[in-house]
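Within every chain, numbering begins at 1; the chains are lettered A, B, ... in the order of the sequence lines, protein sequences first and strands thereafter.
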Amino acid sequence: MRTSQFPLNTVKDTPSDAEIASHQLMIRAGLIRKLAAGLYSWLPLGLRVLRKVEKITREEMEKAGALEVLMPALQPAELWQETGRWQHYGPELARLKDRHERDFCLGPTHEEIITDLARHELKSYKQLPITYYQIQTKFRDEIRPRFGVMRSREFIMKDAYSFHLTQESLQETYDVMYSAYNNIFDKLGLNYRAVIADSGSIGGAVSHEFHVLAESGEDAIAFSTGSDYAANVESATALREKQPLPKPTETREKILTPGQKTIAEVSAFLGVAPQKILKTLAIMRTIKDALGEEREVFWLLYLRGDHELNEIKARKLLGDFRFATDDEIESHLKGRAGYIGPPLPESHLIIPWLADWSAIEMTDFVCGANEAGYHFKGCNWFNDFILFDLENFDHSIEHLSEEYKKDIRNVVEGDKSPDGKGEITLARGIEVGHIFQLGTKYSEAMKAGIINEGGKYQTMIMGCYGIGISRVVAAAIEQNHDAHGIVWPNNIAPFQVAICPMNMHKSERLKEAAEQLYADLVAAGFDVLFDDRKVRAGFMFADMELIGIPHYLIVGDRGLDAGTVEYKDRTASDNEVIPLADIVEFLKAKLV
RNA sequence: CGGAGCGUAGCGCAGCUUGGUAGCGCACUUGUCUGGGGGACAAGGGGUCGCAGGUUCAAAUCCUGUCGUUCCGACCA
């Protein structure tokens, strides 16, 4: 391709609404243009990248035995009503009516559609297992679209769905997909991690996310230094070591802590490490009473001061809850927000509670005194507070019912890996893929079954496997860029090689040499961008670096006298001089 | 949905406080010079100042409404 016929549309100014590097660079390099909030057009240069990501994905899906289909983006409400998601999905489902006032939505995902397809097309166990996939535009009416195509309202996704008779068969396909995903991200040339994930609202048991590692990632992921354990922080756990607890040595003492409300403030004020301060959270938990009526109950959660509550874990144990308001804290605990702690026996307050196990193992700790401006220090659970664990006759923390000590916190750097090998470290990741074992959630609701070997009707078991194609492009940039622009991995660069002739319009023999080089490289099968614009060298280099071409060749009169061209790697600071005759072989070696 | 900004040339912005001829940089067009890291000079084209209403002799500027958009929060494959 020649730049004279392939406008680069690069811009010098950074758009004011682009916060992260990939968004800024995608605009600056002329990959995308914004149409409206969360809606982007792909320019020719950007589309070349997108297509390469699609191509790699498609190749690996085919290798994994998946069959490509294409399902409508516009979907009838009836199918969504069958699974109940028409009601449950919330406002991010883009709903609309047709001219006959019938309800439709723009598909954010295609479980309903594929399940409908499968129940009509699959009749016999002999057709199973089977995996369908598509590369389709999805819609999600995000509350706040941002970061360019990273979180947009319309995006391109590869989604695959598998159908099975048995859990074993699902596991087999899941494993095939797991390795297909590894192959895809390997080929894309990205630094990524497969992590154990929470399966979220889609449902199902086993689930892995694939994250591209990048500082700006929206997700925190935890992985072990000593094993291949990796999990989203939402579901990462730490090893709970059984070790003898230190005996209490202090007695409770009330101390004045005016204006010190947060853990950080109390820690600094008293000169006590956050690990020695109890964090007490007050929530209103929604429960169903004996009559099946829903009501809210005041509840306390205890965490170590340096730990954060993991709401997903807590909700799994407690169901739905919200944080209590200051007024609710005062009325239930007779305490003041910012100074709350476990109630003393003499308060005669019976308040249900749950602690993170690490909080229960604290001794001689600091906590709020349930009185504005005061904390306690030297606290110990059984010495000072009512734990109302009636079965626990010897009143020891070790024998406290497990019901009270659960895992409800986020892991932190330095925690022991749950497999006992190594320690947890944290990194930021961009979720670009997610695979689930769905089970029968959709097939049951939609009566998608087949006749099994025994001649009996059986509901199919499903798996689903997604890759955010357009997000991958942004993630690749987020991970691979420098001060000059994008640094594309070889396999997804819009062009592999750029030819930059110096003052070509002034030298006929240079023009001939550059044209010949271009013809040779194209013939050798490279994606080549020939910069035949009449622009100055600096301008040309700046453009090539901004759009991230990984390899470029500088053709000048100087080198031509010696029969050479200069080669520059996008990431290298110096040029290499290569004999013109060797250049095809040289590049082949670089691009394998 | 709550809070806070911003809408002026294709892009980035100034002008608004204190009402009176529509401005700057980049980009674009033409020419001359220049020619290995976004070059210089000269000339030029391009605007319903988001939209509607109001105040005024006069509104980009003041007032009201409205639409769009961005950021923070809540929410979320």
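- Atom CG of A:D320 is separated from atom P of B:A74 by 16 Å (rounded to the nearest Å).
- Base pairing annotation: B:G45 forms no Watson-Crick or G-U wobble pair, as no partner gives both donor-acceptor distances under 3.5 Å.
- Counting only residues at least two apart or in different chains, salt bridge (charged side-chain N to carboxylate O under 4.0 Å, His left out) contacts with residues 17-34 of chain A comprise A:D17-A:K34.
- B:C24 is paired with B:G12 under the criterion used here, namely a Watson-Crick or G-U wobble arrangement in which both key atom distances are under 3.5 Å.
- Nucleotide B:U32 is matched to B:A40 when pairs are restricted to Watson-Crick or G-U wobble geometry with both distances under 3.5 angstrom.
- When rounded to the nearest whole Å, the span between CD of A:E111 and P of B:A77 equals 12 Å.
- Base-pair partner of B:U55: not found among the strands shown (Watson-Crick or G-U wobble, both distances under 3.5 Å).
- Listed by chain and number, the residues in a salt bridge (Lys or Arg N to Asp or Glu O under 4.0 Å) with A:E311 are A:R315 (sequence neighbours excluded).
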In B/S/- notation, 5' to 3', how is nucleotides 34-42 of chain B contacted by protein heavy atoms closer than 4.0 Å?
BBBBBB---
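- Scanning residues 150-157 of chain A for heavy-atom distances under 4.0 Å to RNA chain B yields A:R151, A:F155.
- Every residue meeting the ring pair (Phe, Tyr, Trp, His ring centres under 6.0 Å) condition with A:H551, not counting sequence neighbours, appears here in chain and number order: A:Y567.
- Among the heavy atoms of the strands, none lies under 4.0 Å from A:R322.
- Contacts of A:H164 classified as ring pair (Phe, Tyr, Trp, His ring centres under 6.0 Å), with partners at least two apart in sequence or in another chain: none.
- Partners of A:E112 under the salt bridge (Lys or Arg N to Asp or Glu O under 4.0 Å) rule, at least two apart in sequence or in another chain, are A:R85.
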Polar atoms only, N or O, under 3.5 Å: list the protein pairs with nucleotides 70-73 of chain B and their distances.
from, atom 1, to, atom 2, distance (Å)
B:U70, OP1, A:K34, NZ, 3.3
B:C71, OP1, A:E19, OE2, 2.6
B:C72, OP2, A:R144, NH1, 2.7
B:C72, OP2, A:R144, NH2, 2.4

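- Pairing for B:C71 is with B:G3, a Watson-Crick or G-U wobble pair whose two hydrogen-bonding atom distances lie under 3.5 Å.
- Atoms OH (A:Y442) and P (B:A77) sit 11 Å apart, rounded to a whole Å.
- Only the C1' atoms considered, B:G46 is 16 Å distant from B:G25, to the nearest whole Å.
- In this structure, B:U17 forms no base pair with any nucleotide, since neither Watson-Crick nor G-U wobble geometry is met with both distances under 3.5 Å.
- Taking atom NE2 on A:H88 and atom P on B:A77, their separation rounds to 14 Å, with Å as the unit.
- When the shell of 6.0 Å around CD of A:Q87 is examined, it contains more than 12 heavy atoms from other residues, nucleotides or ligands.
- Going from atom CD1 of A:I27 over to atom C1' of B:C26 covers 17 Å, rounded to whole Å.
- The separation of B:G39 from B:C13, taken at their C1' atoms, amounts to 24 Å, rounded to a whole angstrom.
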Side chains of residues 68-75 of chain A: which donor-acceptor pairs under 3.5 Å do they make with residues two or more places apart or in other chains?
from, atom 1, to, atom 2, distance (Å)
A:E68, OE1, A:R58, NE, 2.9
A:E68, OE1, A:Y133, OH, 3.2
A:E68, OE2, A:R58, NE, 3.3
A:E68, OE2, A:R58, NH2, 3.0
A:Q75, OE1, A:W80, NE1, 2.8
A:Q75, NE2, A:P72, O, 3.4
A:Q75, NE2, A:H110, NE2, 3.0

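- Evaluation of the salt bridge (charged side-chain N to carboxylate O under 4.0 Å, His left out) test over residues 543-560 of chain A, restricted to residues two or more places apart or in two chains, returns A:R509-A:D557, A:R533-A:D543.
- Rounding to whole angstrom units, CD of residue A:E218 and C1' of B:A77 are separated by 11 Å.
- By the ring pair (Phe, Tyr, Trp, His ring centres under 6.0 Å) test, A:F541 is found to be paired with no residue, residues two or more places apart in sequence or in another chain being considered.
- Both tests pass for A:R95 against the ring of A:W86: distance under 6.0 Å to the centre and angle within 45° of the axis.
- No salt bridge links A:E478 with A:R428; every basic N to acidic carboxylate O contact stays at or beyond 4.0 Å.
- Using C1' as the reference atom, B:U69 and B:U8 are 15 Å apart when rounded to the nearest Å.
- One can place CG of A:D13 at 11 Å from C1' of B:G10, the figure rounded to the nearest angstrom.
- Nucleotide B:U66 has B:G50 as its partner under the Watson-Crick or G-U criteria, with both atom distances under 3.5 Å.
- The aromatic ring centres of A:Y178 and A:F210 sit less than 6.0 Å apart.
- Residues satisfying the salt bridge (Lys or Arg N to Asp or Glu O under 4.0 Å) test with A:D219, not counting sequence neighbours, are none.
- Rounded to the nearest Å, the gap between the C1' atom of B:U55 and that of B:C62 is 8 Å.
- Between the P atoms of B:A59 and B:U21, the separation comes to 11 Å (whole Å).
- B:C76 and B:G50 have their C1' atoms separated by 31 Å, with the value rounded to a whole Å.
- Counting to the nearest Å, the C1' atom of B:C76 and the CZ atom of A:R140 are 9 Å from each other.
- B:A60 and B:G47 have their C1' atoms separated by 11 Å, given to the nearest Å.
- Comparing the C1' positions of B:C72 and B:U61 gives an interatomic distance of 29 Å, to the nearest angstrom.
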